[in-house]
Structure formats: structure tokens, C-alpha cells
Amino acid sequence: MRLFVALALPDNIRWQLRVLSGGLVGANRWVPPENLHITLRFLGEVDGRDAHYVDAALAGIRAPRFSLRLKGVDAFTSGQRVKAVYAGVEKQPALQHLHDKVESAVVRAGLAPDGQKYTPHVTLTRPKDTPLNKLQHYLAEHSLFKTEPFEVTHFTLYSSEMGSEQSVYTALRSYALSVPAGAIEAAAERGGTL
Ligand code: 3AM
């Protein structure tokens, strides 16, 4: 099976991304709201035994919850070709930290290291034929895009299958992030919940 590890996005954040999903020449197919996510690590084709090892290694990760916000739009290009247009993620050291832990876990489980710099993003579209000047126009139009902050409480192992129109992602298992030390006491003092 084809697997990847990612952060799911809350419904209200998917909703806020809707303003970005259109208005770009050469991009007719936009990632549907249910598929929007922040990839932590693409694993590729993994057999059942390795999937089991990956799952066990991911379950062993201890990392704290954190807050995240999507900010700005950008694109991955190759020469003149626009490969993907994405919403950016505001810098958050805890996200890089989680990514590094996932990377170590995956390598510990026996998969090859990724070796690429991690650029967190939410892919919006992979255009067929978008000229660079049209891309620049779209990026300028949405340069101030920003979502509300949201709390990242878990990460998820997904399988990816080709559907007739787009990929079908299935959440196989989610792994909880911990409540930071002190937060429980602080919530109790407030007389409220976390
Ligand atoms: O939607 P994003 O960009 O976060 O692009 C694919 C998607 O990432 C990426 O894995 C995520 C879930 O499918 N992906 C697919 N094939 C890939 C590959 N060969 C890949 N990433 C790296 N190498």
C-alpha cells in the first residue's frame, strides 16, 4: 500500500482555504476539501510487514501539541513548469521538531531516509498548464492569505489510492501529541478544560 504521514486540518481551516481554490489559468482540478492536509512524510509503497513496523515506531513518538497557522501562498516550480500551488505554513519550530521525530521513526522502522529539506505546505492544485505570469498574478492576489491559528493534537498515517477523479486518502491510525507540562495545572487553576 501507498502510505504517508500527515496532519489533518480542522473543518474551519479547510473552509478558510476555499477562497484559494480557483481563479488560476491552467488549473482546473483543485484538491477537494476532504483531501487537504499537511504532509509530514511521504512513505511510498510499503508492504504489510513494514507498515506494521512504521506504525509501531510512530506510536512510540512523544511530542507536544502545538498551535499552527496557514499563511501565504506559493508554488513548487521546475523551470517554466508549475508543479504545485500551495498554502504556506507559518514558521513553527514544534512542527519541524515533529517532522524530525517522524523521520527518525520511519528510518528506525527500516525505510530509507528522505534527505530533503522539509517545506510544510498544503497542496491546493497541481496545474496542468499554468504560465508563470498567471501564477505570479494569483500569488500576488492571495499574498495576504492567513487562517486562524489551530491546535495540532495528533498526526495521522494515511493510505493513498487512485480514485477515478482524484486520490482517495484513508486515515489508518492517528497518534496523539501530548499536553505540554504545566497546561493541565493551568487549566485546573482556571477551573476549565484544556
Ligand atoms: O499533497 P502533498 O504535496 O502534501 O505530493 C504527494 C502528497 O503531498 C506526496 O505525498 C502526499 C500524499 O500523496 N507524494 C506523492 N508521491 C510522492 C513522491 N514520489 C510524494 N512525495 C514525494 N515523493
Side-chain angles (χ1 to χ4, degrees), residues 1-11 13-18 20-22 24 26-47 50-51 54-55 57-58 66 68-79 81-92 94-107 109-130 135 138-139 142 145 147 150 152 154-175:
M1 51 196 147
R2 199 174 163 86
L3 301 179
F4 64 102
V5 183
L7 301 179
L9 296 172
D11 288 346
I13 301 299
R14 295 175 207 272
W15 181 259
Q16 289 169 38
L17 284 165
R18 280 168 61 107
L20 301 179
S21 297
L24 178 62
N28 303 322
R29 285 167 54 157
W30 295 78
V31 174
E34 66 273 17
N35 276 6
L36 294 166
H37 64 270
I38 301 172
T39 297
L40 284 164
R41 175 60 141 89
F42 176 71
L43 305 177
E45 283 298 327
V46 174
D47 66 21
D50 282 347
V54 166
D55 170 46
L58 293 176
F66 54 89
L68 211 54
R69 181 200 284 263
L70 305 184
K71 191 174 177 208
V73 284
D74 209 339
F76 295 124
T77 56
S78 173
R81 200 168 84 76
V82 182
K83 296 201 303 187
V85 178
Y86 63 84
V89 179
E90 198 169 55
K91 198 169 169 54
Q92 164 56 279
L95 175 59
Q96 179 69 44
H97 177 72
L98 176 60
H99 165 269
D100 295 349
K101 288 203 161 187
V102 169
E103 177 63 23
S104 308
V106 163
V107 171
L111 272 61
D114 184 12
Q116 288 186 27
K117 181 178 175 292
Y118 180 51
T119 306
H121 64 275
V122 180
T123 296
L124 302 165
T125 181
R126 296 177 181 83
K128 283 274 169 289
D129 189 18
T130 292
L135 171 69
Y138 170 91
L139 297 182
H142 294 292
F145 174 79
T147 67
F150 56 96
V152 178
H154 61 277
F155 61 97
T156 304
L157 177 64
Y158 289 92
S159 68
S160 167
E161 289 163 282
M162 277 311 289
S164 55
E165 286 287 302
Q166 75 253 335
S167 299
V168 177
Y169 299 149
T170 306
L172 301 177
R173 184 169 174 191
S174 286
Y175 310 88

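From a predicted model like this one, the values you see are computed outputs, not experimental measurements. The figures that follow rest on heavy atoms only: side chains count, while hydrogens, waters and symmetry mates do not. Both ligands and their constituent atoms are indexed starting at 1 by order of listing. Along the sequence shown, residues carry numbers from 1.
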In terms of relative ring orientation, are Phe4 and Tyr158 parallel, tilted or perpendicular, with 30° and 60° separating the classes?
parallel

Write out the residue and atom name of the closest protein heavy atom to atom 6 (C) of ligand 1, then the distance separating them to 0.1 Å.
Arg126 NH2, 3.8 Å

Is a side-chain N or O of Asp50 found less than 3.5 angstrom from the main chain of Ala109, in a donor-acceptor match?
no

With sequence neighbours left out, what residues match Arg69 under salt bridge (Lys or Arg N to Asp or Glu O under 4.0 Å)?
Glu90

Please list the nearest protein heavy atom to atom 3 (O) of ligand 1 with its residue and the distance rounded to 0.1 Å.
Thr123 OG1, 2.6 Å

Answer yes or no: is there an ion pair linking Arg2 with Glu161, defined by an N-O contact shorter than 4.0 Å?
no

Return all side-chain donor-acceptor pairs below 3.5 angstrom for residues 111-124, not counting sequence neighbours, or 'none' if the list is empty.
unit_1, atom_1, unit_2, atom_2, d
Tyr118, OH, Thr39, O, 2.7
His121, ND1, Thr119, O, 2.8
His121, NE2, Thr123, OG1, 3.3

Which of the ligand 1 atoms, numbered from 1, are nearer than 4.0 Å to a heavy atom of Arg2:
15 (C), 16 (N)

Mode of Tyr158 contact toward ligand 1 - side chain, backbone, both, neither (heavy atoms, under 4.0 Å):
neither

Nearest candidate to atom 20 (C) of ligand 1, where distance is taken over non-hydrogen atoms, out of Phe42, Phe76, Tyr169
Phe42

Going by distance only, is there an N or O of His121 that falls short of 3.5 Å from an N or O of ligand 1?
yes

Measure the CG-CH2 distance between Asn35 and Trp30 for me, rounded to the nearest 0.5 Å.
15.0 Å

Tell me the protein heavy atom at minimum distance from atom 4 (O) of ligand 1, and give that distance in Å.
Thr39 OG1, 2.6 Å

